[in-house]
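I have placed the structure first, in the form of structure tokens, so that the comments after it can refer back to it.
Since the structure is predicted, the reported quantities are computational estimates derived from the model, not experimental observations.
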Amino acid sequence: MNTNQAIIKYLGWAWIASGVFWILQTISVTMFYVVGSVFGALSDFSNALTTLVMLPTVLIHYQVSKESAPVFSPLALIAGLLGILSNSSASFLILFGAISFAQSLPPILVGYAAFGAWLALSSWQLRRSKSVPSRMTWWGSVIGIGLASIGLLATSINAELFEGIGFEALLSNPLFYPVLI
């Protein structure tokens, strides 16, 4: 098996694993709203795993595209890493009770937006370079656009989740301290 085939195989398995955790998260968040708080921790845990499973994928995408897009690749790498770390950190912090649900929303939504933008743009770049099959890059673009738009969708569908979450809540979130310094 050559390197390109190994990369394609790994990307496929990472996307499948992330999809399994995404399904678990969807079920657990639904059960959280139907049954109660018992499923909240499972939702937070599966959200963190969904994004962490994709961490090596960001590095693989960078390795594959750094020669064909020397300016774009490092920027995409930073967006992908920041998105994953923002999302998974907030999920783990809420799971351990270090931050509130209100404080977790901004970094989780920003994380989804950054990771989704990375996935859509990286998939587009990989499609242009013809390094991986076009069906994989097409799905990566679709999923990335979906993730990037999740903040807008969450806000428009369920505006009451964001009541009382203003600039003050964002500034009081420990995940944003490094940005504020």
Side-chain angles (χ1 to χ4, degrees), residues 7-8 10-29 42-66 69 71-95 99 101-129 131-132 135-158 161-162 165 170 173-179:
I7 289 171
I8 292 168
Y10 176 78
L11 287 175
W13 281 109
W15 289 354
I16 289 169
S18 186
V20 168
F21 288 123
W22 184 266
I23 291 167
L24 178 63
Q25 179 191 6
T26 302
I27 292 168
S28 62
V29 79
L42 181 60
S43 173
D44 295 327
F45 184 68
S46 58
N47 183 53
L49 290 181
T50 299
T51 52
L52 283 178
V53 165
M54 296 301 285
L55 188 59
T57 306
V58 172
L59 301 171
I60 289 172
H61 273 260
Y62 173 72
Q63 289 296 324
V64 170
S65 64
K66 70 181 178 182
V71 174
F72 170 77
S73 293
L75 297 175
L77 175 69
I78 291 168
L81 291 176
L82 287 176
I84 288 171
L85 296 176
S86 174
N87 190 309
S88 60
S89 297
S91 293
F92 279 124
L93 287 173
I94 193 171
L95 184 64
I99 61 175
F101 176 72
Q103 288 178 314
S104 75
L105 282 178
I108 286 175
L109 295 176
V110 166
Y112 275 132
F115 180 74
W118 163 81
L119 184 57
L121 294 171
S122 291
S123 295
W124 174 75
Q125 176 59 36
L126 288 172
R127 184 179 189 88
R128 287 185 58 221
S129 70
S131 340
V132 297
R135 69 182 177 281
M136 286 182 76
T137 60
W138 185 83
W139 277 111
S141 296
V142 168
I143 293 166
I145 290 168
L147 287 173
S149 64
I150 203 165
L152 176 62
L153 291 173
T155 304
S156 64
I157 291 170
N158 203 352
L161 280 178
F162 299 95
I165 301 175
L170 184 65
N173 190 318
L175 294 176
F176 282 92
Y177 291 169
V179 175

Atom pair [atom1] ([X]) and [atom2] ([Y]), whose distance is rounded to the nearest 0.5 Å:
X	Y	atom1	atom2	answer
Leu119	Thr57	CG	OG1	9.0 Å
Trp124	Ile145	CH2	CD1	12.5 Å
Ser73	Lys66	OG	NZ	9.0 Å
Ser89	Ile94	OG	CD1	13.0 Å
Ser104	Asn47	OG	CG	9.0 Å
Leu82	Leu77	CG	CG	9.0 Å

For [X] and [Y], indicate whether the former's side chain and the latter's backbone hold a donor-acceptor pair under 3.5 Å.
X	Y	value
Ser46	Ser43	yes
Thr51	Ala48	yes
Ser86	Pro107	yes

Phe72 atom CZ: more than 12 heavy-atom contacts under 6.0 Å: yes
Measuring only between side-chain heavy atoms, which start at C-beta, is [X] closer than 4.5 Å to [Y]?
X	Y	answer
Leu52	Phe92	yes
Asn87	Tyr112	yes
Leu81	Leu55	yes

Nearest atoms (heavy-atom pairs only) where Ala90 meets Ile108: CB-CG1, 3.6 Å
Closest contact, heavy atoms only, Trp118 versus Val58: CZ2-CA, 3.4 Å
